[in-house]
Undergrad: 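First, the structure itself, so that you have it in front of you.
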Amino acid sequence: MNTLVSGLAAHIQALLDVKHALGLPYLASERHLRAFDALCARDYPRQTTLTREMAMTWAVARPGEHVNGQMRRITPVRQLAKHMSSVGVPAYVIPSGIPGRQIHYSPHIFSHEQLRAIFDAADEIPVSPYGGQRQLLVPAIFRMIYCLGLRPGEAKRLHRNDVDLTRGTVSIRESKGHKDRIVFMSPDLHEYCRSYDAAISAFHPDRTAFFPNQWGRFYSPSTLNCWFDELLAAAGPAVVASIGSPPRPYDLRHAHVIENINRWVLAGRDPEVLVAYLSLHLGHSNTADT
C-alpha cells in the first residue's frame with residue numbers, strides 16, 4: 001500500500017488501525033480512504049481538519065457512477081469524520097441523506113437454456129490479446145460461482161490454498177459479515193477444478209490467486225463484469241432481453257439457490273426445513289437473509 005500523505009494521514013491511519021484491530025478486512029473502504037487522502041494531498045495540502053468543502057468535493061457523483069457505488073465511496077469518509085470528531089478533532093460529517101437511497105436489485109432468473117448458452121459461450125471465449133489465460137479462467141470461475149453459490153467477490157479472492165483439490169472443499173475466508181465457511185464441491189466440479197488447476201499451473205506455477213491475472217495476482221471486480229457482459233453478448237440477445245433485471249454475475253448465485261430449492265421440492269423435501277443448511281452454505285448471518 002502507498003504511504004498516506006495528506007494532512008489527514010494520521011487520522012486515516014488511526015481509523016484503519018481500529019478497523020484492523022477489530023479483525024475487519026476493510027479492504028474496499030481502505031482503498032477509498034487512500035484515494036481520498038490523495039485528493040486531499042493534491043487539492044488541500046495544508047489542511048489538517050476535514051472541512052465541508054473537502055467532504056462534499058469527495059461526495060460529488062462521478063460521471064456514470066451508480067448511486068450504490070457512490071454510497072460505498074462516501075461511507076468510509078463519513079466514518080473518518082465521525083472518528084475524528086470522537087477524539088476532539090473538527091470534522092465535517094457528510095449528511096446521511098447523501099447520495100440518496102441504495103438501490104436494491106431484483107435477481108435475474110435464468111432459464112436452463114440461458115444458463116446453457118452462457119456456459120457454452122464461456123467454453124468458447126477466445127484468448128485475450130492483452131495477456132492472461134482467460135480461456136481457462138472464465139469457464140472455471142463462473143462455474144464455481146454457479147455450482148457453489150459463491151458471491152463473485154468470494155470467487156475472485158480465492159487463494160490457491162483455499163481450494164483443497166484432494167478433499168474437494170473450498171474455504172471462503174473473511175467474506176460478507178467477516179465470516180469464514182467451507183463449501184463442498186460436487187464430484188464433477190471437483191474434477192473440473194483439478195483439470196483447471198493443472199492447466200493454469202503450467203502458466204503460473206507459483207501463483208497466489210486460484211484465478212490469477214497475468215501477474216499471478218487477483219483480478220478486479222470490473223474484469224469479472226466485463227467478462228460476463230461478453231458472455232451475455234455471445235449467448236445471444238434472448239438472455240439480455242428476457243423478463244427481469246439485467247443479468248449480473250451475482251445472479252448465478254441466485255440461480256444456484258433456485259436450483260437447490262427446486263431439487264428439494266422435486267424430491268419431496270420441505271425447503272422450509274432445509275433453509276438453515278442453505279443459509280450456512282451461502283454464508284448468511286441468519287435464515288431471514290436467506
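In this text the structure is predicted, and so the values were computed from the model without any measurement. Only heavy atoms go into these numbers, but all of them, side chains included; no hydrogens, no water, no symmetry mates.
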Undergrad: Considering residues, nucleotides and ligands other than Arg62, do more than 12 of their heavy atoms fall under 6.0 Å from its CZ?
TA: yes
Undergrad: Under 4.0 Å between a side-chain nitrogen and a carboxylate oxygen: does that hold for Asp164 and Arg167?
TA: yes
Undergrad: Would you give the length of the straight line joining atom CZ of Arg248 to atom NE2 of His108, rounded to the nearest 0.5 angstrom?
TA: 10.5 Å
Undergrad: Please confirm whether the backbone N or O of Thr51 pairs with a side-chain atom of Thr49, one donor and one acceptor, at under 3.5 Å?
TA: no
Undergrad: Below 4.5 Å, heavy atoms only, C-beta onward: do Ile200 and Phe210 meet side chain to side chain?
TA: no
Undergrad: State plainly whether one hydrophobic cluster holds both Tyr92 and Val87, where clusters connect Ile, Leu, Val, Met, Phe, Trp and Tyr through side-chain heavy atoms under 4.5 angstrom apart.
TA: yes
Undergrad: Just by modelled atom types, is the Tyr219 backbone N or O under 3.5 Å from a matching donor or acceptor in the Thr223 side chain?
TA: no
Undergrad: For a quick test of reading the model, state the closest non-hydrogen atom pair linking Leu224 to Pro152 and the distance between them.
TA: CD2-O, 3.8 Å
Undergrad: Suppose we call two aromatic rings close when their centres sit under 6.0 Å apart. Are His254 and Phe110 close by that rule?
TA: no
Undergrad: What's the spacing between Ile172 CD1 and Asp162 CG if we round to 0.5 Å?
TA: 7.0 Å
Undergrad: List the atom pairs, donor and acceptor, that lie under 3.5 Å between side-chain atoms in residues 138-146 and the rest of the protein, sequence neighbours left out.
TA:
residue : atom : partner : partner atom : Å
Arg143  : NH1  : Asp123  : OD1          : 2.9
Arg143  : NH1  : Pro139  : O            : 3.4
Arg143  : NH1  : Tyr192  : OH           : 3.4
Arg143  : NH2  : Asp123  : OD1          : 3.4
Arg143  : NH2  : Asp123  : OD2          : 3.0

Undergrad: Starting from the C-alpha separation in whole Å, work towards a yes-or-no answer on side chain to side chain contact (heavy atoms under 4.5 Å, CB included) for Cys147 and His256.
TA: CA-CA 6 Å; Cys147 293; His256 170 85; 5.5 Å; no
Undergrad: Hey, does Leu148 have a side-chain heavy atom less than 4.5 Å from the side chain of Phe184?
TA: no
Undergrad: Donor-acceptor pair, distance only, cut-off 3.5 Å: does the side chain of His190 make one with the backbone of Ser186?
TA: no
Undergrad: Please assess Leu33 against Tyr26 for the test side chain to side chain contact (heavy atoms under 4.5 Å, CB included), listing each intermediate value before the final yes or no.
TA: CA-CA 10 Å; Leu33 286 173; Tyr26 211 60; 3.9 Å; yes
Undergrad: Can Ile258 be reached from Val265 by stepping across I, L, V, M, F, W or Y side chains whose heavy atoms are under 4.5 Å apart?
TA: no
Undergrad: Check whether the side chains of Arg207 and Ser201 place a donor and an acceptor atom closer than 3.5 Å, and report yes or no.
TA: yes
Undergrad: What distance separates Leu266 CG from Ile261 CD1, expressed to the nearest 0.5 Å?
TA: 12.0 Å
Undergrad: Quick check on the 6.0 Å ring-centre criterion: do Phe211 and Tyr196 meet it?
TA: yes
Undergrad: Would you check if the side chain of His66 reaches a backbone N or O of Asn68 as a donor-acceptor pair within less than 3.5 Å?
TA: yes
Undergrad: Between Glu30 and Lys19, is there a salt bridge with N-O shorter than 4.0 Å?
TA: no
Undergrad: Between Thr57 and Tyr44, is a side chain to side chain contact (heavy atoms under 4.5 Å, CB included) present by the stated rule, with each step listed?
TA: CA-CA 11 Å; Thr57 296; Tyr44 308 96; 3.1 Å; yes
Undergrad: Under 4.0 Å between a Lys/Arg side-chain N and an Asp/Glu carboxylate O for Arg160 and Asp197?
TA: yes
Undergrad: Within the supplied structure, the quantity of interest is the number of heavy atoms (other residues, nucleotides, ligands) at a distance under 6.0 Å from Glu65 CD; does it exceed 12?
TA: yes
Undergrad: Between Gln114 (side chain only) and Ser111 (backbone N and O only), is there a donor and an acceptor less than 3.5 Å apart?
TA: yes
Undergrad: Glu272 and Asp270: which non-hydrogen atoms are nearest, and at how many Å?
TA: N-OD1, 3.0 Å
Undergrad: Using only atom types and a distance under 3.5 Å, with no angle test, would you say the side chain of Arg253 pairs donor to acceptor with the backbone of Leu150?
TA: no
Undergrad: May I ask you to check whether over 12 heavy atoms, not counting those of Arg116, lie within 6.0 Å of atom CZ?
TA: yes
Undergrad: Can you tell me if Ser86 uses its side chain to pair, donor with acceptor, with the backbone of His83 under 3.5 Å?
TA: yes
Undergrad: Do Arg181 and Glu154 meet the salt-bridge criterion of a basic N to acidic O distance under 4.0 Å?
TA: yes
Undergrad: Going by atom types alone, do Ser6 and Asp37 pair a side-chain donor with an acceptor below 3.5 Å?
TA: yes
Undergrad: Would Met185 and Val163 count as a side chain to side chain contact (heavy atoms under 4.5 Å, CB included) here? Give the steps.
TA: CA-CA 10 Å; Met185 291 186 274; Val163 183; 4.1 Å; yes
Undergrad: Do Leu50 and Ile74 belong together in a cluster built from hydrophobic side chains that touch within less than 4.5 Å?
TA: yes
Undergrad: Mark yes or no for whether Arg269, through its side chain, and Leu274, through its backbone, hold a donor-acceptor pair below 3.5 Å.
TA: no
